[in-house]
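What follows is one structure encoded as structure tokens, with my remarks underneath.
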Amino acid sequence: MKYKLLSILIAGTMLTACGGSDNDTTEPTPPPPPAAVTVDANDAKAINLTVTGFDTVTGALSFDLKDADGVAITNAQDYDIAFLGFQNPKAITSKPKAWKRWHVAQLYRCDTASEAPCQGTLTETTTKGSYLFDATDFDLSSGDPAKFVTEYKVGIEIKGKLASNPVELISSPAI
């Protein structure tokens with residue numbers, strides 16, 4: 001009887017011990033290196049700009065900059081920004097030179113390589129890759145005393161050493 005009990009005990013021990021091995025030889029895969037959080041504007045190989053705000057009264061702009069991989073671009077300093085006002089296409093005038101008042105423009109430029117002072121102020125917000133532009137002395141209405149201008153657009157070019165964004169005219173509703 002002791003032999004039967006001993007053989008049951010040995011069989012039970014063998015069944016519970018055959019589940020696997022404690023000597024797992026596979027090494028855990030290390031996590032991938034973290035993706036870049038930001039890239040400097042002068043190191044970016046592509047610059048993508050998304051306008052997030054455009055105030056036609058003050059000329060205030062807000063926009064985001066990212067590279068081709070969606071990484072936030074920081075330290076942007078060089079730019080060309082043009083604010084444009086266009087006439088109402090249905091406006092009629094009897095004065096042949098009135099078209100001069102139907103198109104107004106105000107330009108802002110900053111080229112840190114030149115000695116010329118920057119026009120306007122570009123500031124990076126606390127969110128990396130987000131910027132605010134303050135158009136100093138902004139006044140598109142002074143070039144439009146007859147109030148023919150009803151459509152406003154802005155063109156923004158941010159320049160780095162390796163790339164700049166493609167310029168598009170972004171529309172804003174009339175004042």
Side-chain angles (χ1 to χ4, degrees), residues 36-175:
V37 177
T38 62
V39 62
D40 189 272
N42 288 322
D43 297 330
K45 294 180 181 163
I47 298 176
N48 296 315
L49 182 139
T50 304
V51 174
T52 56
F54 175 16
D55 186 340
T56 58
V57 176
T58 65
L61 290 172
S62 57
F63 54 88
D64 296 333
L65 297 177
K66 295 186 179 191
D67 72 356
D69 296 324
V71 176
I73 296 176
T74 59
N75 199 28
Q77 296 176 3
D78 295 342
Y79 55 83
D80 284 327
I81 298 176
F83 293 93
L84 306 167
F86 297 93
Q87 81 279 358
N88 178 347
K90 296 178 183 174
I92 299 172
T93 181
S94 60
K95 298 180 182 177
K97 293 187 179 185
W99 65 269
K100 291 181 180 180
R101 294 191 180 105
W102 287 14
H103 299 87
V104 294
Q106 200 157 353
L107 307 173
Y108 295 86
R109 170 173 275 181
C110 185
D111 182 2
T112 54
S114 77
E115 293 182 18
C118 291
Q119 300 159 334
T121 306
L122 183 63
T123 309
E124 188 169 2
T125 68
T126 56
T127 303
K128 299 292 184 191
S130 292
Y131 293 85
L132 297 174
F133 179 75
D134 179 29
T136 52
D137 300 326
F138 182 79
D139 185 13
L140 283 179
S141 65
S142 67
D144 180 30
K147 304 293 182 214
F148 284 121
V149 175
T150 59
E151 184 179 358
Y152 298 89
K153 296 184 180 190
V154 64
I156 306 167
E157 181 180 22
I158 303 297
K159 303 172 187 179
K161 290 195 189 280
L162 303 177
S164 64
N165 65 294
V167 180
E168 296 177 37
L169 286 179
I170 313 298
S171 294
S172 179
I175 297 176

Checklist entry - Within a strict 4.5 Å, meaning less than it, do heavy atoms of the Y79 and R109 side chains meet? => result no
Item to check | Smallest separation among heavy atoms of L107 and A82, with atom names | outcome: CD2-CB, 3.3 Å
Checklist entry - Given the rule in the side-chain contact (heavy atoms from CB on, under 4.5 Å) test, do V154 and L61 qualify, once you have shown the distances and angles that lead to the verdict? => result CA-CA 9 Å; V154 64; L61 290 172; 3.9 Å; yes
Next on the checklist: Less than 4.5 Å apart, side chain to side chain, heavy atoms only: is that true for Y108 and T136?
Outcome noted: yes
Checklist outcome for this item: Between the CD1 atom in I81 and the SG atom in C110, the distance rounded to the nearest 0.5 Å is 9.5 Å
Checklist entry - Going by heavy atoms in the side chains, are T123 and D134 under 4.5 Å from each other? => result no
Next on the checklist: Is the distance from the ring center of Y152 to that of F83 below 6.0 Å?
Outcome noted: no
Checklist entry - Sub-3.5 Å donor-acceptor pair from the side chain of Q106 to the main-chain atoms of A135, do we have one? => result no
Item to check | Min side-chain heavy-atom separation F138-T58 under 4.5 Å | outcome: no
Checklist outcome for this item: Applying side chain to side chain contact (heavy atoms under 4.5 Å, CB included) to Q77 and not counting sequence neighbours gives N75, T112
Checklist entry - Can you name the residues that form a side chain to side chain contact (heavy atoms under 4.5 Å, CB included) with E157, not counting sequence neighbours? => result D80, K159, S164, N165, V167
Checklist entry - With a 6.0 Å cut-off on ring centres, are F54 and F63 close enough? => result no
Checklist entry - Tell me, which pairs form a salt bridge (charged side-chain N to carboxylate O under 4.0 Å, His left out) where one or both residues lie in residues 56-68, sequence neighbours left out? => result none
Item to check | Under 3.5 Å donor-acceptor, D40 side chain and N42 backbone | outcome: yes
Checklist entry - Residues two or more places apart in sequence or in another chain: which of them pass side chain to side chain contact (heavy atoms under 4.5 Å, CB included) with A163? => result I47
Next on the checklist: Could you work out, with side chain to side chain contact (heavy atoms under 4.5 Å, CB included) as the rule, every residue matching K128, not counting sequence neighbours?
Outcome noted: T38, A72, T74, E124
Next on the checklist: Is any side-chain heavy atom of Y131 closer than 4.5 Å to one of L65?
Outcome noted: yes
Checklist entry - What heavy-atom pair brings A46 and I73 nearest, and what distance separates the two atoms? => result O-CD1, 3.7 Å
Checklist outcome for this item: Contacts satisfying side chain to side chain donor-acceptor pair (under 3.5 Å) that involve residues 44-54 (not counting sequence neighbours) are T52-S62
Checklist outcome for this item: Heavy atoms of I158 and A76 approach each other most closely as CG2-CB, 3.9 Å
Checklist entry - Any side-chain heavy atom of S171 within less than 4.5 Å of one from E151? => result yes
Next on the checklist: On a heavy-atom basis, which atom in V71 and which in V39 lie closest, and how many Å separate them?
Outcome noted: CG1-N, 3.9 Å
